[in-house]
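Model, not experiment: these values are computed from the prediction.
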Amino acid sequence: RSMKADISESALAMYRPELDFESDLAPDGGASPGDTRPRQGMEQALPFDPNDVFLADRFDLKTLQEQGVPVADLSARAQKAYDRAIGHLGEALKSDPRRRPVYDAMMEIFALKGEWEDALAMLEDMYSFFPEDTKTWLYLGLGHYRDGNLDAAFRSFETAFNYMSDEAKLAFSSLDYLIPAKEKEKYKQNPDAYASRFWTSKDPRFLTPYNERKLEHYARLVYADLLYGSEDLNLRGWDTQRGRILVRYGVPQSDVILIPRNTGKTGQEIIADAQQRGSGEHSDVGRGSGAGDPMAGSRALIATQGTGFDMFAEANSFNIWDYGDFRFVFEDPFRNGEYRLYSPSATEIAEGVNPWLNDYAILAEDTFKKIPERYTYEAPGRQIEMPYLVTAFKGEGDRTDLYVHYGIPITEYDASQEMIDISANVGAFLISSDRDILVERRRTLYGLNTGQIMPFAETNLWVDTQVMNAPPGNHEVSVEFETASGGTVAVQRRDVRVPDFTADRLAVSDMLLAYRVEDAPDGKKVGKSDLVRNGLSITPAPWSVFAHTQPIYLYFEPYHLAQNAEGKTDYEVEILLVPKEQAKGLRKLVKGLFGSDKGVSIQYPVTGATPDDFQYQILDASELEPGLYTLILRIRDNVAGKTAETEQDLFLE
């Protein structure tokens with residue numbers, strides 16, 4: 001117990017190095033971010049009162065600093081506290097490596113300091129002696145996750161569930177802290193189905209075997225339990241106010257301790273002072289029962305009333321969590337580590353504190369409604385942009401064929417070599433509006449064929465296509481790439497409308513922009529990066545960029561053409577390429593425009609024998625200036641007297 005008290009006093013008063021602020025607004029020896037233990041030895045608290053600075057928002061740290069509020073840098077003291085605590089605990093484990101609570105204390109200190117490699121080294125010993133302990137695997141999951149080894153973190157968390165109590169499993173599976181209030185009824189109706197869709201919608205990378213957002217959630221739960229849990233009170237960290245907020249939003253950008261009206265004393269010392277200041281009929285209140293009286297603190301509070309001594313103001317400290325666009329403020333009236341969301345008292349409101357700006361019990365609820373949770377994915381390794389386009393065509397039955405054309409940037413390569421020696425994984429995924437994975441396509445590439453590389457002014461692209469058979473509707477497409485080593489990662493997502501071509505009315509497919517279209521001998525593709533459709537080998541353009549001297553190939557398919565008495569179709573094709581700013585007005589014109597000097601235009605008649613057809617054309621844009629253009633395609637059915645059209649932007653470089 002004495003060792004734990006020593007750790008509480010020093011080691012857990014650490015300054016967190018990753019914060020945006022170079023030092024906390026805190027006294028020497030003040031509370032560290034996340035420390036819930038009783039504070040001792042606060043000899044040099046900040047000698048100011050925020051109320052002395054006129055602020056509508058009394059926790060506006062930027063304004064307080066601009067007003068000259070002093071800042072205490074605790075980093076040197078924190079390092080000494082850290083070294084001393086680790087030394088104590090290391091000696092304890094040497095004398096008895098089966099002292100189970102020591103591992104918890106060490107993990108808490110490593111977590112506060114962010115020393116994940118040291119934590120993992122310590123956990124090897126913990127695993128040796130406690131291989132079936134739930135916390136062993138939860139700590140391993142947290143350590144590996146923060147250290148960047150997500151595969152190991154995933155396996156560790158999955159193993160922890162094998163040893164976890166039903167109560168803990170419920171906490172790890174619950175979405176109560178993450179979903180909007182308006183969706184909680186849906187969640188209650190079918191928790192498993194809702195949770196599956198929720199985690200699918202939050203997964204930043206479908207290519208990996210684990211859900212990074214879910215791993216972050218597990219890590220936050222373990223971290224919150226380490227910092228705010230209390231075994232003595234049977235209280236889990238994620239059930240505290242700060243723990244719940246940490247689970248929702250993660251570690252804040254800045255975590256500041258603010259102590260107004262410097263007393264330099266702990267809550268216990270302040271209570272003792274209050275007892276000494278009592279007089280008259282109250283002078284003995286709180287003393288007669290002795291130190292063992294559980295009501296001593298309450299009676300000391302009563303004893304201060306009417307004496308002109310505001311013990312709350314003297315004792316209170318504030319913990320400010322700033323997330324950039326919102327913040328939370330907690331108070332600790334007795335500096336015993338029991339922080340709660342700050343709400344100004346009637347006395348403070350009477351003295352001029354603005355409750356609308358400073359009642360964080362109310363402000364927090366408003367934030368929960370507007371922003372139920374937050375997570376920003378940071379891909380490991382080098383992140384690259386991977387351009388891609390999605391084109392839709394009529395498929396079998398009521399399905400639609402989707403072609404996802406993508407390009408992987410290649411900086412340098414030897415054109416004389418057939419392959420670039422690199423292994424990678426690529427995938428294309430279609431996610432429904434109900435957050436279900438409808439289609440997934442995965443490939444492992446053992447080398448990149450240089451024949452699939454297309455040169456551009458700014459870069460080279462290795463071009464490929466993934467084919468999907470999808471139901472119509474509003475969906476999301478995710479295209480992902482990663483090298484086998486994990487050193488390079490790309491994730492691109494886009495909302496897409498998958499059209500329904502089954503209705504018996506004139507329609508036209510998306511335009512498939514290409515660098516080359518030619519006959520496919522025996523139905524086989526000609527180029528390494530080609531796709532084959534309707535006997536044509538097509539080299540798709542994955543990002544709609546062409547050299548202005550380069551021919552633009554355009555493939556498309558009209559559907560449900562009307563047939564005349566002889567069973568023939570008769571329709572006209574009109575294609576117009578104009579500067580994007582002119583497209584809005586020009587696209588309304590049908591005839592008379594084509595052949596003008598507004599851009600590139602093509603118009604020609606077609607006859608056929610089937611209601612569904614396919615065509616491709618070549619556009620010469622060599623006379624146009626580089627820039628952004630809009631390509632307009634219009635199909636006019638002369639038999640039915642109907643028109644269908646579509647358009648696509650492209651860039652000439």
Side-chain angles (χ1 to χ4, degrees), residues 34 36 100-101 103-104 107-108 111 119-120 123 126-127 129-147 149-181 183-204 208-251 368 372-375 435-437:
T36 64
R100 175 64 182 76
Y103 293 101
D104 295 328
M107 189 64 193
E108 181 177 358
L120 291 171
L123 290 172
M126 186 176 182
Y127 170 75
F129 293 99
F130 305 99
E132 296 183 358
D133 190 312
T134 302
K135 286 191 174 180
T136 297
W137 292 102
L138 290 177
Y139 294 164
L140 282 168
L142 174 62
H144 284 304
Y145 181 78
R146 297 300 185 201
D147 197 43
N149 189 345
L150 271 59
D151 290 287
F154 172 68
R155 293 193 298 270
S156 297
F157 284 130
E158 289 295 307
T159 305
F161 296 142
N162 295 332
Y163 304 110
M164 193 177 290
S165 67
D166 291 339
E167 180 183 1
K169 285 181 181 178
L170 182 62
F172 274 77
S173 62
S174 174
L175 298 180
D176 287 337
Y177 300 156
L178 303 180
I179 60 177
E183 294 194 23
K184 287 191 174 181
E185 190 59 38
K186 294 181 181 178
Y187 174 52
K188 290 179 181 178
Q189 291 174 2
N190 194 338
D192 293 338
Y194 184 97
S196 176
R197 292 192 298 268
F198 174 85
W199 289 120
T200 296
S201 69
K202 300 298 180 181
D203 192 351
T208 55
Y210 42 78
N211 185 325
E212 288 85 353
R213 177 63 183 95
K214 188 181 286 189
L215 293 183
E216 170 70 17
H217 180 61
Y218 294 160
R220 289 179 184 180
L221 286 167
V222 179
Y223 193 58
D225 203 32
L226 272 170
L227 268 58
Y228 310 127
S230 172
E231 289 189 6
D232 294 339
L233 300 177
N234 194 27
L235 180 66
R236 303 309 296 260
W238 52 71
D239 284 330
T240 64
Q241 286 189 337
R242 286 191 296 178
R244 292 172 186 173
I245 290 172
L246 191 146
V247 171
R248 284 180 182 270
Y249 307 111
V251 176
F368 297 158
E373 56 90 24
R374 173 171 289 179
Y375 166 71
R435 299 179 287 195
D436 293 319
I437 298 180

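A donor-acceptor pair is defined here as one N or O able to donate and one able to accept, closer than 3.5 Å; such a pair exists between the side chain of R248 and the backbone of Y177. Looking at S196, its side chain never comes within 3.5 Å of a backbone N or O of D192 through a donor-acceptor pair. S201 places a side-chain N or O within donor-acceptor distance of the main-chain N or O of F198, the cut-off being under 3.5 Å. In this structure a side-chain-to-backbone donor-acceptor pair under 3.5 Å is missing from Y210 to L150.
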**Request:** For salt bridge (Lys or Arg N to Asp or Glu O under 4.0 Å), just list the numbers for E231 and K135, CA-CA rounded to whole Å, side-chain angles, deciding distance to a tenth of an Å, and then say yes or no.
**Result:** CA-CA 13 Å; E231 289 189 6; K135 286 191 174 180; 3.3 Å; yes

**Request:** Determine, step by step, whether M107 and L123 satisfy the side-chain contact (heavy atoms from CB on, under 4.5 Å) criterion, reporting the C-alpha distance in whole Å, the side-chain angles of both residues, the deciding distance to 0.1 Å, and the verdict.
**Result:** CA-CA 8 Å; M107 189 64 193; L123 290 172; 4.1 Å; yes

Donor-acceptor list for residues 156-163 side chains, cut-off 3.5 Å, not counting sequence neighbours:
from: S156; atom 1: OG; to: A152; atom 2: O; distance (Å): 2.9
from: T159; atom 1: OG1; to: R155; atom 2: O; distance (Å): 2.8

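For the residue pair A219 and Y145, the shortest heavy atom distance occurs at CB-CD2, 3.6 Å. Nearest approach of A195 to L175, heavy atoms of both residues: CA-CD1, 3.7 Å.
Y223 is not listed as a side-chain neighbour of W238, based on a closest heavy-atom distance of 4.5 Å or more. Using a 4.5 Å cut-off on side-chain heavy atoms (C-beta onward), H217 and L221 make contact. Residues L120 and N149 form no side-chain contact, since every pair of their non-hydrogen atoms from C-beta on lies 4.5 Å or further apart. Side-chain contact check for W199 versus L178: some heavy-atom pair is nearer than 4.5 Å. Side chains of F129 and T136 form no contact here, defined as non-hydrogen atoms less than 4.5 Å apart. Side-chain contact check for T200 versus D436: every heavy-atom pair is 4.5 Å or farther apart.
Applying the salt bridge (charged side-chain N to carboxylate O under 4.0 Å, His left out) test to every pair with at least one member in residues 137-147, sequence neighbours left out, gives these pairs: R146-E216.
Remark: D176 engages S174 in a side chain to side chain donor-acceptor pair (under 3.5 Å) (not counting sequence neighbours).
Residue R435 holds its CZ atom at 13.0 Å from CD1 of I437, rounded to the nearest 0.5 Å. Expressed to the nearest 0.5 Å, how far CG of L235 lies from CG of D225 amounts to 8.5 Å. Atom CZ of R242 and atom CG of L227 lie 8.0 Å apart (nearest 0.5 Å). In this structure, Y375 OH and E212 CD are separated by 6.0 Å, a value rounded to the nearest 0.5 Å. Within the model, atoms OG1 of T240 and CG of L246 stand 8.5 Å from one another, a figure rounded to the nearest 0.5 Å. Atom CG of residue D203 and atom OG1 of residue T208 lie 5.5 Å apart, to the nearest 0.5 angstrom.
With W137 as the partner, the ring-ring contact (aromatic ring centres under 6.0 Å, His included) test is satisfied by one option alone out of Y127, F154, F172: Y127. Evaluated for a salt bridge (charged side-chain N to carboxylate O under 4.0 Å, His left out) with E373, the options K202, R220, R244 yield exactly one hit, K202.
Between R197 and E183 no salt bridge is recorded (no basic side-chain N to carboxylate O distance below 4.0 Å).
Summarising the local packing, NZ of K184 is surrounded by more than 12 heavy atoms from other residues, nucleotides or ligands at distances under 6.0 Å.
Aromatic rings of Y103 and F130 (six-membered ring for Trp) have centroids within the 6.0 Å cut-off, being under it.
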